[in-house]
Amino acid sequence: MSQAITLARPYARAAFEVARASGALGEWALALTFAAEVAKDARVVQLVNDPRVLPEQLVALHLPQGTDGKSPFAVFLAELADNGRLSLLPEIAALYETYKREAESQLLVKVTSAMALDTAQTEQLKASLKRRFKREIELETRIDASLLAGVVIDTGSEVIDGSARGRLERLASALTH
C-alpha cells in the first residue's frame, strides 16, 4: 500500500496542478472518483493485465460518460495507461482529494460517536472545529456503540478521543503504571 501511494503521488500532484491551472478542481475530482471506481472493479483489473487490450481501450473505459477523448483528463489517463499505472487510480484520487481540500482550506474530519449526532450537535461540532483549525470543516460521521458515550475526532493529523471507552482505557493504564 505505501508503495502504491509513493507511485501515485507524482501523478496526483500533476493532476491537481493541471486541474488548478484550468480552474476545474471539482470536475477533475468527479472524473478521478469515477475512474478510481472503475479501476477497482475486478473485471477491469483483469483487462488492465491483459496484453490484448490496448491502452486506448482502457482509457475509454475509465473516462466518464460525455468526456472528450482529447480532454486534459483523457490525456492524463492515457499517460497512466502508457506507463501501466491505471491500477493506481484509487490512490491518485485519494491524494488528489487531499490536495484539493488543502487548496480550498477544507479539512475532512472523521467523527465516530456512540450514538447518532443530531443536526444541532453536528453544527456545533463543525463550528468548534472551524474555530480551532481555521478551515472549513467537512464531517464524515460514523456510529460505534462500543465507545459507550462521547466522540472520537480524527483530523488525519490529530485524534481527539472524548469517548467514555477512551477515558476508561486511560484510567486503567494510569492505575496499572
Side-chain angles (χ1 to χ4, degrees), residues 1-17 19-20 25-46 48-49 62 80 83-177:
M1 178 72 171
S2 65
Q3 182 182 8
I5 292 288
T6 302
L7 293 172
R9 192 168 283 115
Y11 292 106
R13 177 55 70 184
F16 174 75
E17 293 301 333
R20 183 169 60 178
L25 288 175
E27 291 85 0
W28 272 72
L30 292 173
L32 278 169
T33 299
F34 174 82
E37 289 301 316
V38 170
K40 289 180 197 175
D41 189 296
R43 297 169 294 185
V44 174
V45 171
Q46 290 176 346
V48 168
N49 296 324
H62 288 82
L80 289 174
N83 292 310
R85 302 289 193 218
L86 285 171
S87 63
L88 295 175
L89 276 165
E91 289 82 8
I92 292 169
L95 287 167
Y96 176 90
E97 195 60 39
T98 301
Y99 298 146
K100 179 179 172 285
R101 285 184 200 289
E102 287 174 12
E104 295 173 341
S105 292
Q106 289 184 341
L107 182 63
L108 175 63
V109 179
K110 296 176 183 173
V111 177
T112 306
S113 59
M115 298 181 296
L117 300 174
D118 63 31
T119 306
Q121 291 169 322
T122 302
E123 291 305 314
Q124 183 180 9
L125 183 57
K126 280 174 101 171
S128 297
L129 292 169
K130 183 177 180 177
R131 277 193 306 277
R132 179 175 180 153
F133 293 104
K134 296 175 180 37
R135 297 169 84 180
E136 291 300 315
I137 303 296
E138 180 180 336
L139 290 183
E140 184 178 288
T141 59
R142 190 172 77 92
I143 298 172
D144 181 357
S146 71
L147 294 179
L148 304 175
V151 297
V152 176
I153 301 168
D154 182 357
T155 66
S157 60
E158 183 178 344
V159 176
I160 303 167
D161 188 349
S163 68
R165 182 180 71 192
R167 290 179 183 170
L168 289 171
E169 288 171 356
R170 287 189 296 277
L171 178 62
S173 177
L175 291 173
T176 58
H177 292 93

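None of these values were measured; they are calculated from a predicted model. Note that the numbering runs from 1 along the sequence shown for the chain. Hydrogens, waters and symmetry mates play no part in the numbers below; they use all other heavy atoms, side chains included.
- Looking at every heavy atom in both residues, A29 comes nearest to K100 through CB-CD, 3.9 Å.
- The distance from atom CD of E138 to atom CG of L129, rounded to the nearest 0.5 Å, is 13.0 Å.
- One distance of note links OG1 of T98 with CZ of F16; it measures 10.5 Å at 0.5 Å rounding.
- The NZ atom of K126 lies 8.5 Å from the CD atom of E136; values are rounded to the nearest 0.5 Å.
- For the pair L7 and Q3, the minimum side-chain heavy-atom distance is below 4.5 Å.
- Atom CD in E123 sits 10.5 Å away from atom NZ in K130 (nearest 0.5 Å).
- The shortest non-hydrogen separation linking I5 to L95 is O-CD1, 3.9 Å.
- Between the side chain of Y96 and the backbone N or O of A14, no donor-acceptor pair lies under 3.5 Å.
- Atom CD of E17 has more than 12 heavy atoms from other residues, nucleotides or ligands within 6.0 Å.
- For the pair L25 and R20, the tightest heavy-atom approach, listed with the atom from each and the gap, is CD2-N, 3.8 Å.
- Proximity of L80 to I92: side-chain heavy atoms (C-beta onward) are separated by under 4.5 Å at one or more points.
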If you look only at distance, which donor and acceptor atoms sit under 3.5 Å apart when one is on a side chain in residues 108-120 and the other is two or more places apart or in another chain?
| unit_1 | atom_1 | unit_2 | atom_2 | d |
| --- | --- | --- | --- | --- |
| S113 | OG | M115 | O | 2.6 |
| D118 | OD1 | A120 | N | 3.1 |
| D118 | OD1 | Q121 | N | 2.7 |

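- Closest approach of K40 to P90, counting heavy atoms only: CG-CG, 3.8 Å.
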Item to check | Candidate pair L86 and L89, rule side chain to side chain contact (heavy atoms under 4.5 Å, CB included), full reasoning | outcome: CA-CA 6 Å; L86 285 171; L89 276 165; 3.9 Å; yes
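- Here the CG atom belonging to L88 is positioned 12.0 Å from the CZ atom belonging to R9, to the nearest 0.5 angstrom.
- Atoms CD and CD, from E97 and E102 in turn, are 11.0 Å apart once rounded to the nearest 0.5 Å.
- Nearest heavy atoms, R13 versus Y99: NH2-CE2, 3.3 Å.
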